[in-house]
Structure formats: structure tokens, C-alpha cells
There are 2 protein chains.
Amino acid sequence: MAQEPVTVWARPERGTRGPAAVHSRAELTAVAVELADRSGLSAVSMRQVAKALGVGQASLYRYISGREDLLDLMTDSAAGEIDLDVPLSGDPVADLAALAARTRTVHLRHHWLSEIPPEPLRLGPRSLDYLEYALRAMAAVPLPGQTKMEIVALMNALISQFARAELQVSHANTDRQAAQAAYLSETAAKGDHPHVAAAMADHTEAGPAESPHALFERAMHRVLTGLVAPSSS
Amino acid sequence: MAQEPVTVWARPERGTRGPAAVHSRAELTAVAVELADRSGLSAVSMRQVAKALGVGQASLYRYISGREDLLDLMTDSAAGEIDLDVPLSGDPVADLAALAARTRTVHLRHHWLSEIPPEPLRLGPRSLDYLEYALRAMAAVPLPGQTKMEIVALMNALISQFARAELQVSHANTDRQAAQAAYLSETAAKGDHPHVAAAMADHTEAGPAESPHALFERAMHRVLTGLVAPSSS
DNA sequence: CATAACTGCGATCACTGTTCGCAGTTTCTA
DNA sequence: TAGAAACTGCGAACAGTGATCGCAGTTATG
């Protein structure tokens with residue numbers, strides 16, 4: 001009935017019969033990534049990708065089965081940029097924290113990673129290598145495999161969150177954010193929400209702001225320590 | 001030039017001049033939430049909301065300025081379902097963990113919360129009360145306000161992630177997920193990725209699975225301990 | 001050589017969020 | 001009290017989206 005393999009990774013890129021395809025999935029992915037790097041994820045539409053590639057829009061469906069596939073490819077391509085040849089020290093927390101730090105740089109290089117709608121299980125070959133590496137780092141940890149996988153998922157969610165927060169301040173804010181911030185400070189100044197007001201005052205004066213990288217490493221180290229530490233119950 | 005208040009919360013619901021509006025933002029919100037509860041966030045389109053409300057589509061723009069406003073209203077409405085009258089014990093970690101547990105139930109009640117695209121700063125009045133409560137729980141913690149706010153953001157990201165994972169297993173999987181899972185186990189069985197294979201084997205046998213609630217509480221407690229604990233550096 | 005499988009793609013469909021202009025209603029002001 | 005101003009509801013339309021269908025042309029297989 002329907003086409004059998006519903007995921008890109010299980011579908012062969014080419015048959016053997018017809019004329020050679022002019023482009024490839026890799027090419028498609030590269031174009032999509034460049035488009036997203038420059039103009040955000042919303043710029044990655046079938047039409048724009050087709051235009052940037054110089055083909056008709058409907059032709060894209062010869063390479064992928066839909067936009068979801070494109071996101072899969074992009075995500076996995078980004079995962080491929082994470083260096084997995086770094087040897088493990090044996091300290092699970094330190095190794096995971098270092099991996100997280102490398103993942104963070106990829107997130108900063110590709111803003112759109114934090115915009116990708118988090119499907120459960122968006123795992124391509126490179127992402128799988130990534131998962132394998134992370135699990136290997138936890139090999140000596142006496143936790144069930146299920147829990148370890150959840151730890152990796154949580155770690156990635158945190159990395160995404162950090163990247164979002166970091167890009168938010170650096171990037172030029174839309175007027176929507178400005179309005180939101182204005183509403184926040186305005187409401188906080190009204191007298192209710194004293195703790196919010198205090199926290200925001202802290203934020204504005206503060207001292208020399210800690211470098212985002214250092215902040216990330218500290219927080220991630222703490223969280224991982226909490227997660228990986230042997231359970232006391 | 002443009003309309004001044006860019007956020008819903010700063011825009012008055014009604015002027016004083018014209019005929020009385022037939023509906024209200026609250027009504028709009030309720031309809032949208034019910035729609036999302038039943039059919040997911042994608043069912044919340046201007047047309048469907050208008051139809052469910054019995055008005056023309058263009059009329060919605062008299063109450064809100066766009067779909068984003070609708071998401072803001074829905075999110076804040078959900079935040080309003082979190083009980084903030086629970087007295088604080090004085091133990092920051094325990095209080096935050098309890099708050100997180102209550103937030104989790106709201107996420108489970110409203111699947112779509114995990115689907116909402118995470119804008120930076122989507123804070124309405126109820127969300128602000130929530131933030132105030134969380135900061136109050138950390139009043140005695142010797143950390144800069146900025147860091148405390150980040151902790152709250154991280155906590156919420158984790159709650160969202162947990163809810164997603166939990167709903168993923170319970171909910172009827174789409175064939176896309178099934179295909180992804182098939183690809184995963186197939187590739188893992190190939191011999192590379194031994195740690196992934198082992199973890200998945202753990203997953204399938206395992207013993208009596210721990211209740212999701214207990215798992216959540218344990219992990220959250222650990223993470224919060226790691227985050228709130230006095231810095232050693 | 002015929003058949004089956006493939007490629008590229010113009011045209012089109014159903015859907016999305018949003019805007020415009022108009023008729024009708026209410027309230028404020030001069 | 002008349003008129004202007006501000007508001008409501010909304011039909012129609014616009015630009016954009018992802019996806020499908022069918023056709024002409026090309027290539028390899030049996």
C-alpha cells in the first residue's frame with residue numbers, strides 16, 4: 001500500500017533504473033543548512049530550497065518524502081559536526097560535560113538547531129554515533145540503560161535551552177521581545193512580585209558578567225553530577 | 001505608526017466606544033485550549049478557533065493581534081492551573097521539586113504545552129506569579145538573581161522534556177515514530193554501537209518499570225540539588 | 001527491443017496567517 | 001441633538017505553505 005520505509009535513513013537514495021539524479025541528499029542538506037544559517041529555520045521551505053538549488057519544487061520529493069525528512073537530515077548533519085574522536089578520561093561527569101560543551105558550540109554555529117521542533121526520536125547515523133559515545137562515557141555508571149538514555153536526552157534539552165538563552169541576548173531582539181521585556185519590568189515595578197523585581201535589579205547591575213561559556217560549564221557540571229551520581233534510595 | 005503595545009498583556013481588551021463585543025479573550029482562550037487538548041496544537045488555527053466559536057475568522061483579530069497572542073494566552077492559562085498556594089517549607093530544593101511536580105501534572109493534562117515553540121520570554125500574569133513563587137522558594141539561596149532565573153528556566157525545560165518522554169510512550173505512536181524505532185533497533189543490532197544495543201536491551205527486559213512520577217521526582221531532586229547547591233568554585 | 005523504473009516538473013489542491021474595506025452599532029463631544 | 005469618532009463583525013482576497021498528480025523524457029533490465 002504505502003511506501004514502506006517511513007524514515008529517510010531506511011530509504012535508499014537511488015534506484016538503479018532511471019537517469020542519474022542531478023543532485024543528492026547531501027547537496028539538499030547543505031543548501032538547507034546554509035539557508036537556515038542565514039535566515040533561520042522558517043526560511044527552509046520547499047520552495048526556497050528548490051529555488052536555491054535551481055530545480056522545480058516538486059523535484060525535491062524525488063530525494064526526500066517531505067519537509068520532516070529535511071529536518072532529519074539537517075539535524076544529523078549538525079550532529080556530524082561534533083567531534084567524537086576525543087578520548088574518554090574515565091570520569092563520566094567530566095566526559096559528558098566536555099561533550100556537552102562541544103555540542104554547545106555547534107548550537108551556537110547553527111541557531112536553527114534550537115528552533116527545530118523536538119520530535120521524539122530524531123536519530124540519524126551521526127546522532128547514533130553521538131548517543132553511542134555518550135553511553136560509552138557512562139559505561140561504568142551503575143544505572144539502567146533506560147535511565148542513561150534519558151540522561152542524554154535531558155542533557156541535550158539543557159544544551160538547547162542554554163543555547164537559546166545565549167543567542168537571545170546576543171542576537172538583535174525583535175520588537176516582540178522588547179515589548180515582552182517592557183511588560184515584565186513594568187509589572188514587576190508595580191509592587192507585587194518583589195522577588196522578580198529584585199532578581200531583575202541583580203541582573204541589570206550585577207558585576208562583570210560571567211562568560212557564557214564558563215556559566216554553561218559550571219551549570220552543566222552540577223546537573224550531570226546530580227544525574228549521574230549513584231542513587232541513594 | 002504601528003499599534004503601540006506589541007504584547008497581549010499590555011493591550012486593553014476593550015475600548016469604550018463601539019458596540020459590546022460578543023466574546024472575550026477568556027472565551028477565546030478556553031476554546032483554543034479545548035481544541036488543543038482534543039486534537040493537538042496544530043488544530044489551533046484561526047479558522048478552526050473561529051468555527052468552534054461561531055464567528056467569522058477575521059473577527060478573531062478584534063480580540064487578539066495574531067496567533068502568537070493566542071499561544072501566549074493559552075500558555076498563561078495553563079500556568080494558572082498550577083497551585084501556588086502551597087506554603088513553602090524553607091528547603092529550596094524540596095520546594096522547587098514540589099512545584100515542578102505540580103507543573104508536571106499540568107503538562108500531562110495539556111499535551112500541547114510541550115509542543116508550543118519555546119519563545120524567549122512568554123510571560124503573562126499567571127506565569128509571572130509562578131516565577132515569583134519559584135524565586136521566593138530560593139530567597140535564602142546565595143546566588144545572583146540572574147542565575148536563579150536561569151535555574152527556573154532550566155527547570156521548566158526539564159519538565160517539558162520529561163513530559164514529552166512520558167507522553168511519548170503512553171500515547172499511540174505515529175508510524176513515523178515506529179519507523180524511527182525500527183531503524184534504531186535495526187542499526188543497533190548491526191554490531192557497531194554496542195552500548196546503544198545494551199541500553200536498549202536493558203530497556204526491554206528491565207524489571208518492573210519504576211513509576212514515571214517517582215522517576216521524575218528523583219531526577220528533578222538530583223538536578224535541583226546540583227543547581228541550587230552553593231558553588232564550590 | 002519492450003518493459004519497468006526512474007527523473008524532473010508544471011499545475012493544482014487544501015491549508016495556513018493576515019489584511020482590507022465596508023456596513024452597522026455604540027458612545028463621546030461640540 | 002447632530003455629528004464625529006471609535007468600535008464590532010466579517011466576506012473577500014492575498015501571499016505563503018506542504019504535498020500530490022500526471023505527463024514527457026531517460027535509463028537500465030530482462
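Computed from a predicted model, the values in this text were never measured in an experiment. Hydrogens, waters and symmetry mates are skipped; everything else that's a heavy atom, side chains included, is used.
- Donor-acceptor pairing under 3.5 Å is recorded for the side chains of B:Glu132 and A:His195.
- Of all nucleotides in DNA chain C, those with any atom nearer than 4.0 Å to a heavy atom of chain A start and finish, going 5' to 3', at C:dA5 to C:dG10.
- In this structure, B:Ser185 contributes its side chain and B:Ala182 its backbone to a donor-acceptor pair below 3.5 Å.
- Although no hydrogens or angles enter the test, the distance criterion places no donor-acceptor pair under 3.5 Å between the side chain of A:Thr7 and the main chain of A:Ala10.
- Within residues 13-29 of chain A, the residues having any heavy atom under 4.0 Å from DNA chain D are, by residue number, A:Thr16, A:Arg17, A:Gly18, A:Pro19.
- In this structure, B:Arg67 reaches the sugar-phosphate backbone alone: every heavy-atom distance under 4.0 Å involves primed, P, OP1 or OP2 atoms, never a base.
- Test A:Leu70, A:Val55, A:Asp69 against A:Leu60 for side chain to side chain contact (heavy atoms under 4.5 Å, CB included) and you get one pass: A:Val55.
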**Item:** side-chain contact (heavy atoms from CB on, under 4.5 Å) evaluation trace for B:Leu123 with A:Tyr183
**Value:** CA-CA 9 Å; B:Leu123 281 179; A:Tyr183 166 76; 5.6 Å; no

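- Axis deviation across the helix from C:dC1-D:dG30 to C:dA30-D:dT1 amounts to 10°, comparing end segments of five pairs, rounded to 10 degrees.
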Ignoring hydrogens and angles, write down the donor-acceptor pairs under 3.5 Å from the side chains of residues 149-163 of chain A, residues two or more places apart or on other chains.
| unit_1 | atom_1 | unit_2 | atom_2 | d |
| --- | --- | --- | --- | --- |
| A:Asn156 | OD1 | A:Tyr130 | OH | 2.9 |
| A:Asn156 | ND2 | A:Val152 | O | 3.3 |

**Request:** Start with the C-alpha gap between A:Val196 and A:Leu184, add the side-chain angles, then the distance that decides, and say whether side-chain contact (heavy atoms from CB on, under 4.5 Å) holds.
**Result:** CA-CA 9 Å; A:Val196 174; A:Leu184 202 163; 4.1 Å; yes

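- The salt bridge (Lys or Arg N to Asp or Glu O under 4.0 Å) search around B:Arg136 returns none, not counting sequence neighbours.
- Using a 3.5 Å distance cut-off with no hydrogens or angles, the side chains of A:His107 and A:Glu166 do not pair a donor with an acceptor.
- Within 6.0 Å of CD on A:Glu34 lie no more than 12 heavy atoms contributed by other residues, nucleotides or ligands.
- Contacts with DNA chain D (heavy atom under 4.0 Å) in residues 33-52 of chain B: none are found.
- Between B:Gln57 and B:Arg62, the residue anchored closer to the 5' end of DNA chain D is B:Arg62, taking for each the nucleotide with the nearest heavy atom.
- Computed from coordinates, the A:Tyr63 OH to D:dG18 P distance equals 18 Å when rounded to whole Å.
- Heavy-atom contacts from other residues, nucleotides or ligands closer than 6.0 Å to CZ of B:Arg126 number 12 or fewer.
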**Asked** Checking side-chain contact (heavy atoms from CB on, under 4.5 Å) for the pair B:Arg122/B:Ser127: CA distance, chi angles, key distance, verdict?
**Response** CA-CA 8 Å; B:Arg122 183 170 264 142; B:Ser127 316; over 6 Å; no

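- With respect to the salt-bridge test (charged N to carboxylate O, under 4.0 angstrom), the residues A:Glu186 and A:Lys190 do not qualify.
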